[in-house]
Amino acid sequence: MSPVETAAVSAPATKEPSAARKRAVALAKADPREKDCLVRAMYFESNRSSEAGLLGVGTVVMNRVESARYPETICGVVGAPRQFASGVLTRPMTEKTLPRIQAIAEDILDGRRNESVGSAKHFHMAGMRFGYANMHYVTVAGGNAFYVKGERPERRRIEEPTIQLASATSTPATTGSIGASPSFASAPLAFAPEAAAPKLPTVQTPAVMLVRNAPLPPGRPIDLDLPKPAARAFLAPPKADRRVATLLTSDIRGSLSSQ
């Protein structure tokens with residue numbers, strides 16, 4: 001049976017979670033196509049540089065395998081209509097990151113889980129927010145926000161999920177649980193508005209100061225965004241009305257004598 005044919009298998013009327021998980025794991029160990037379906041879900045639905053995100057998607061797949069609301073095989077869960085990425089079972093995958101994802105998928109089949117995801121069976125792209133009252137977010141990892149639908153995890157509603165960010169340096173996959181990471185409020189672009197850019201101060205360079213203080217002819221300072229001087233500052237000074245009288249020696253009364 002091909003993965004597409006396996007995906008058409010409907011969920012049974014009743015399902016015991018532990019027995020359903022064991023059957024799905026045994027089938028994946030025997031049929032490489034079942035493991036390939038798990039790898040494909042992790043490959044197309046998570047940031048491939050985030051181990052926490054890859055584990056989160058794999059945890060959701062296995063949680064659905066154990067649930068009576070979903071098919072009892074991995075390919076049946078991944079290939080269900082409108083549940084995972086379009087073409088998840090048929091689109092090509094590059095060889096660059098496949099070995100690492102396959103190793104993490106093998107760990108999931110051996111029982112490894114993202115503990116922050118817990119029993120969540122749903123996720124969507126981080127940065128989106130929906131106002132439904134039955135959506136209770138538990139964590140953000142690998143570019144996805146994971147949430148429990150219709151029930152409150154640990155008998156309480158989790159308002160702010162934990163954040164799991166990919167580290168700058170890649171580390172080899174080790175068997176164990178993934179720990180909680182920084183708080184939700186410190187994660188960028190995860191349900192929080194982007195911070196406003198700081199306003200830079202105006203730099204007054206010598207060239208700017210020279211242009212602003214340079215004298216300009218009348219009628220020309222507007223194009224340099226300078227205040228236009230008052231018109232009276234450029235008026236010609238008034239002419240002085242001065243009259244000089246020329247006196248002749250004959251007009252001087254008396255005589256001049258040397259002493």
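The analysis underlying the following values was restricted to heavy atoms, covering all of them including side chains, and did not include hydrogens, waters or symmetry mates. Throughout, residue positions are numbered sequentially from 1 according to the sequence presented.
Looking at every heavy atom in both residues, Thr73 comes nearest to Gly76 through OG1-N, 3.0 Å. Minimum interatomic distance between Ala41 and Val57 (heavy atoms only, all atoms of both residues): O-CG1, 3.6 Å. The two residues Arg48 and Arg100 have their closest heavy-atom pair at O-NH1, 2.8 Å. Between Gly58 and Leu38, the closest heavy-atom pair is CA-CD1, 4.0 Å. Residues Tyr43 and Ile101 approach most closely at CD1-CD1, 3.6 Å, considering heavy atoms. Listed here is the closest heavy atom pair of Gly79 and Leu89: CA-CD1, 3.7 Å.
In this structure, the side chain of Glu45 engages the main chain of Ala85 through a donor-acceptor pair within 3.5 Å. A donor-acceptor distance shorter than 3.5 angstrom exists from the side chain of Arg91 to the backbone of Ser86, with no hydrogens or angles considered. Side-chain atoms of Arg40 never come within 3.5 Å of backbone atoms of Cys75 as a donor-acceptor pair (strictly under, hydrogens ignored). Here the side chain of Tyr147 pairs no donor or acceptor atom with the backbone of Asn134 at under 3.5 angstrom. Between the Arg21 side chain and the Glu66 main chain, no donor and acceptor come within less than 3.5 Å of each other.
With values rounded to the nearest 0.5 angstrom, Arg23 atom CZ is found 9.5 Å from Ser18 atom OG. If you take CG on Leu98 and CE on Met42, they are separated by 10.5 Å, rounding to the nearest 0.5 Å. In this structure, CD in Glu16 is found 8.0 Å from NZ in Lys22, a value given to the nearest 0.5 Å.
The side chain to side chain contact (heavy atoms under 4.5 Å, CB included) test with Ile74 singles out one residue from Leu109, Val25, Leu27, and that residue is Leu109. Results of the side chain to side chain contact (heavy atoms under 4.5 Å, CB included) test with Asn114 over Val138, Thr59, Leu54, Ile108 single out Thr59 as the only residue that passes.
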Show the numbers, then the answer: is there a side-chain contact (heavy atoms from CB on, under 4.5 Å) between Tyr137 and His124? CA-CA 10 Å; Tyr137 294 95; His124 60 68; 2.8 Å; yes

Under the criterion side-chain contact (heavy atoms from CB on, under 4.5 Å), I'd like the reasoning laid out for Gln83 against Arg64: C-alpha separation, chi angles, the key distance, then a yes or no. CA-CA 11 Å; Gln83 296 299 311; Arg64 290 192 175 193; 2.9 Å; yes

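Listed by chain and number, the residues in a salt bridge (Lys or Arg N to Asp or Glu O under 4.0 Å) with Glu106 are Lys29, Lys35 (sequence neighbours excluded).
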